[in-house]
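Written out below as structure tokens is the structure these notes cover.
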Number of protein chains: 2
Amino acid sequence: MAVRSWWGWGWADQALDAHELEQLADRVRAFLPLDGEITRVPAVPELRAPRLKPPSSVECRADDEARASHSYGKAYRDVIRCLNQDLASPPDLVVYPADADEVQRAMAWAAERGAAVIPYGGGSSVVGGVEYRGADRPVVVLDLSKLDEVLEIDEVSLAVRTQAGIFGPALEHRLRPKGLTLRHFPQSFEFSTVGGWLATRAGGHFATGYTHIDDLVESMSVLTPTGMAHTARVPASGAGPEPNRLWLGSEGALGVITEAWLRVQQRPVHKEGVAIAFETFGQAVTATRLIAQSGLNPANCRLLDPLEAMLGAGALDGGSRLILGFESADHPVSAQLKRAIEICRGQGGVASDAEKWRGTFLRGPYLRDGLARLGVVVETFETACTWSNFESLHTAVLEAVAPGFVTCRFTHVYPDGPAPYFTVYATAPRGGEVAVWDELKAHASQALLANGGTITHHHAVGRDHVPWYHPPGPFTEALRAVKRTLDPQGILNPGVLGLG
Amino acid sequence: MAVRSWWGWGWADQALDAHELEQLADRVRAFLPLDGEITRVPAVPELRAPRLKPPSSVECRADDEARASHSYGKAYRDVIRCLNQDLASPPDLVVYPADADEVQRAMAWAAERGAAVIPYGGGSSVVGGVEYRGADRPVVVLDLSKLDEVLEIDEVSLAVRTQAGIFGPALEHRLRPKGLTLRHFPQSFEFSTVGGWLATRAGGHFATGYTHIDDLVESMSVLTPTGMAHTARVPASGAGPEPNRLWLGSEGALGVITEAWLRVQQRPVHKEGVAIAFETFGQAVTATRLIAQSGLNPANCRLLDPLEAMLGAGALDGGSRLILGFESADHPVSAQLKRAIEICRGQGGVASDAEKWRGTFLRGPYLRDGLARLGVVVETFETACTWSNFESLHTAVLEAVAPGFVTCRFTHVYPDGPAPYFTVYATAPRGGEVAVWDELKAHASQALLANGGTITHHHAVGRDHVPWYHPPGPFTEALRAVKRTLDPQGILNPGVLGLG
């Protein structure tokens, strides 16, 4: 049975092996100086003794293995800290509730002991979303992976009721026999849960239209410290501020999502795609904008800048690539593809076949971990801005991360702007990687905000993004008031969203 | 210059004249007993003396005409009360701020005097959204119609920055020379404002996809009693609970919307449509569901039940009608229309040409006012539910309003369910119309909620829907906490959304 990595991304046995690491080093040396060392994957270190005695009423683990693997998310800085055996503040206890009742009991138990409670889905946060950073109180991680049942499928209305701890593949596995699919495939798909997607407003499969899980949810059940909240299961409503929207993006700070009705769809049978090559990035951006504004709504519309096209899609001509895909369960999509290609031709685009993108996409995080072991500082960040602001934002980001270098792709596009996704590569002295990255990240974040970008399009705020999250003002005051009202003792995921 | 009706819908000179009323009476007598009387439109009655002395710093009106026409929205019960000269609690003052500064000063001035402040756009609420129902304090209506400037158009990102008091036609007039359009055409389009649309989550032009103004807003400026809130102008974000969603649907209870960036689009050049006739309503519902789930995304997909088809589209065969329309600024839409027709044929649908719908749609509220003068109780209500729930909901509504009768149409449809819109016709003794309607409405609302419907898809909550708005629980507690925090004196539109 496959085992999850305690220190890095995904499955332990999918990490790059010695041979793959050597090959990777050979490829990277052309761009970045390497010191020739390869960090050994350490054993789980001996952790500080737990400050809590496990309750008998709920399944728990207090062993070092469980606590270490629930200490951090899966950001670059998390991987580096694990590789350095830097686990100074592990959680004291990992609790595995089996249902909403047990979630409630575990929360009450923790509250009585003054403990912080960290709701935990797949633990794939790259923004410090599951890591309590105070030292003042014991920490209980609420691992929701036992809430993994699909409860009901409505084949007429195309919706599924599922517990929130289910992982992506298990949910799709239950939908497949009905010919249905959620079609929500974040890069973390294998290692993240429905509840995690909802709590962090995950970005999914579709490059246009309904890009976020926000659009796919009908209703939710959320257990707050002051009681259970259920939103109504309706296709749409105009009754006051949208209740689902209070819980979407609440990142475990207001309640624990236990269940949801999600919109599913028939599995697509018509699929067509192409990669378009552009000589200049500017032409490619214009073509992408025109497609985003055309109403054609491609399922995939992924623009890769020249460096990204080379590293991610094997394009060696120094040009950009636009990867387009259309899909439908109902009707052929070739006319839409044809029209999109026509729009690209108008901007100098040429149909190409460099389509290695998907494999690289899913393998990406393992490569990142390999690079980390080679001593390369490598991480991603993402934003969304208007088309008008993109050029200045892009220039500012390139400057902000120098002398490191950065690649850019668009993961999602809207009629009014793209969601640019950046990957940074830089060097740092061994032992200084986290400090170097934190400084690069601060410069980059400043550049995003100064140029009209959001601090995150789909990675969430967590703790890492708090300094660039919303400024003081009525909305922040409102959010704080909600936090005080629903979680008066401040036990839930303290620190995320800048809350308590 | 056209003058707004003080007692009924829209322009005073568009109300049905004596001849039209006679014709209407002749048509209606086949269905409903009439007493032969036609209510005379009364003059504005003499109102209670204002309890406030107008401030000198902001433009105000305290005359009876202004106060009477700002007393109510435009629901049936509002029209009846005006026709009965029932204006027991008119506002004391109508203030016309010219900019956000003046809004702020007017709010502060009112707060000092313990007055309630009613933000007022076009005043077309049909749910008691602009009518303070307490008697305990003076009332200031904040008429925002002087905030009517279009401030900026971003032709690259396709967005417009506009003040919130602008009416639909004025906004479209400013966009037209650029070849742009907001394409948001609620039935109230002529008589409602951008700020009103945002505050009430208005439903617009598109029957599928981006149906609500919620989807068309990039950012907003909202003046709360504790300060100005600006949301970030980005195409999408995943940073915490969505800030725009706190203000969307806040119905003037949390702040006054002063400005917004809205997404616009190129004017469509490809348009195709058809009306499809179905023998049974059930077949029509199934075909509509399959189209809603097909991904074809028609701009119009309006299903009329047999009675609605007869009254609204002149169909005399006792069948239902599905009115379909596709549009695009980029590409021909005939393939989509053809496929939609094919889906309809699979359910027994036959292409027809009964397309008088749009004229009736826009003329509807004037007809309602005419019927009101003939003594007919006539009003609409609307909801959204899953496809699975529709049949039982529909049956329950028919029973709830008996012996009155009801027509049903779908104004918007989603993959997971329709937004049914009902029109009720009943009789009542003269003078008892409001009581009869209120009872019918209570029964109907109960039927909606008991069968999985929302209390409103796009009419908002106002005061009339409060009894069927969300139940006690964490979301309601959260909303109350936000209200207390942003409006500690409780001056803003007290009563809407059940908030103080």
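Just so we're on the same page: letters track the sequence lines, and every chain starts at 1. Here the structure is a predicted model, which is why all the values come from computation and not from measurement.
Only the side chain of L486(A) has a heavy atom closer than 4.5 Å to any heavy atom of chain B. In this structure, the portions of R245(B) lying under 4.5 Å from any heavy atom of chain A include both its backbone and its side chain. The part of P415(A) that comes within reach of chain B is its backbone (N, CA, C, O), which places non-hydrogen atoms under 4.5 angstrom from that chain. If you measure heavy-atom distances from E218(A) to chain B, the contacts under 4.5 Å come from the side chain alone. In this structure, no portion of R480(A) lies under 4.5 Å from any heavy atom of chain B. For T456(A), the parts lying under 4.5 angstrom from a heavy atom of chain B are both the backbone and the side chain. Only the side chain of R263(A) comes within contact range of chain B, with at least one heavy atom under 4.5 Å from a heavy atom of that chain. Residue H457(A) touches chain B through both its backbone and its side chain, counting heavy-atom pairs closer than 4.5 Å. Heavy-atom distances place the backbone of P418(A), and not its side chain, under 4.5 Å from chain B.
Summarising the geometry of E327(B) relative to K271(B), their closest heavy-atom pair is CB-CG, 4.1 Å, with the distance given to 0.1 Å. Of all heavy-atom pairs spanning T485(A) and E477(B), the tightest one is CG2-O, 3.8 Å. When all heavy atoms of S392(B) and N451(B) are compared, the closest pair comes out as OG-OD1, 3.3 Å. Minimum heavy-atom separation, P225(A) to L492(A): CD-CD1, 3.5 Å. Across all non-hydrogen atoms, the minimal contact from H270(B) to A329(B) is CD2-C, 4.4 Å. Here the closest heavy-atom approach between residue S294(A) and residue I343(A) is recorded as CB-CD1, 4.0 Å.
The greatest number of non-hydrogen atom pairs below 4.5 Å with chain B, out of P474(A), G417(A), A481(A), is found for P474(A). The candidate with the highest count of non-hydrogen atom pairs below 4.5 Å against chain A, out of A199(B), G295(B), G209(B), P243(B), is P243(B). In terms of heavy-atom pairs under 4.5 angstrom with chain B, the leader among L296(A), T200(A), V496(A) is L296(A). For chain B, the option among V413(A), L158(A), V127(A) with the highest count of heavy-atom pairs below 4.5 Å is L158(A). With respect to chain B, the highest number of heavy-atom pairs below 4.5 Å among E251(A), K483(A), R289(A) belongs to R289(A). The residue among T211(B), T226(B), V156(B) with the most heavy atom pairs within less than 4.5 Å of chain A is V156(B). Interface remark: of the candidates D215(A), V264(A), D154(A), D154(A) forms the most heavy-atom pairs closer than 4.5 Å to chain B.
Contact annotation for residues 381-390 of chain A against chain B (heavy-atom separation below 4.5 Å, listed by residue number): A384(A), C385(A), T386(A), W387(A), S388(A). Residues of residues 229-242 of chain A that come within less than 4.5 angstrom of chain B, heavy atom to heavy atom, are A229(A), R233(A), V234(A), P235(A), A236(A), S237(A), G238(A), A239(A), G240(A), P241(A), E242(A) in numerical order.
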(Q) Show, in sequence, the C-alpha distance, side-chain angles and deciding distance for V466(B) and V461(B), and conclude whether the side-chain contact (heavy atoms from CB on, under 4.5 Å) test is met. (A) CA-CA 6 Å; V466(B) 167; V461(B) 175; 4.2 Å; yes

(Q) Working note: L393(A) + L448(A), criterion side-chain contact (heavy atoms from CB on, under 4.5 Å); need CA distance, chi angles, decisive distance, verdict. (A) CA-CA 6 Å; L393(A) 180 142; L448(A) 296 183; 4.0 Å; yes

Q: Check the pair L290(B) / T286(B) against side-chain contact (heavy atoms from CB on, under 4.5 Å), numbers first and verdict last.
A: CA-CA 6 Å; L290(B) 295 176; T286(B) 301; 4.2 Å; yes

Q: Tell me, with the steps shown, if L246(A) and L254(A) meet side-chain contact (heavy atoms from CB on, under 4.5 Å).
A: CA-CA 9 Å; L246(A) 179 61; L254(A) 304 179; 4.0 Å; yes

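In this structure, the ring of H412(A) has its center less than 6.0 angstrom from the ring center of H458(A).
From Q104(B), atom CD reaches atom CG of L223(B) across 6.0 Å, with rounding to the nearest 0.5 Å.
Residues W197(B) and D214(B) are not in side-chain contact: their nearest non-hydrogen atoms beyond the backbone lie 4.5 Å or more apart.
In this structure, R267(B) contributes its side chain and T181(B) its backbone to no donor-acceptor pair below 3.5 Å. In terms of modelled atom types and a separation under 3.5 Å, the side chain of H470(B) and the main chain of F475(B) share no donor-acceptor contact. Checking side-chain atoms of T476(A) against main-chain N and O of P471(A) turns up a donor-acceptor pair under 3.5 Å.
Under 3.5 Å, the side chains of D416(A) and S157(B) contain no donor-acceptor pair of N or O atoms.
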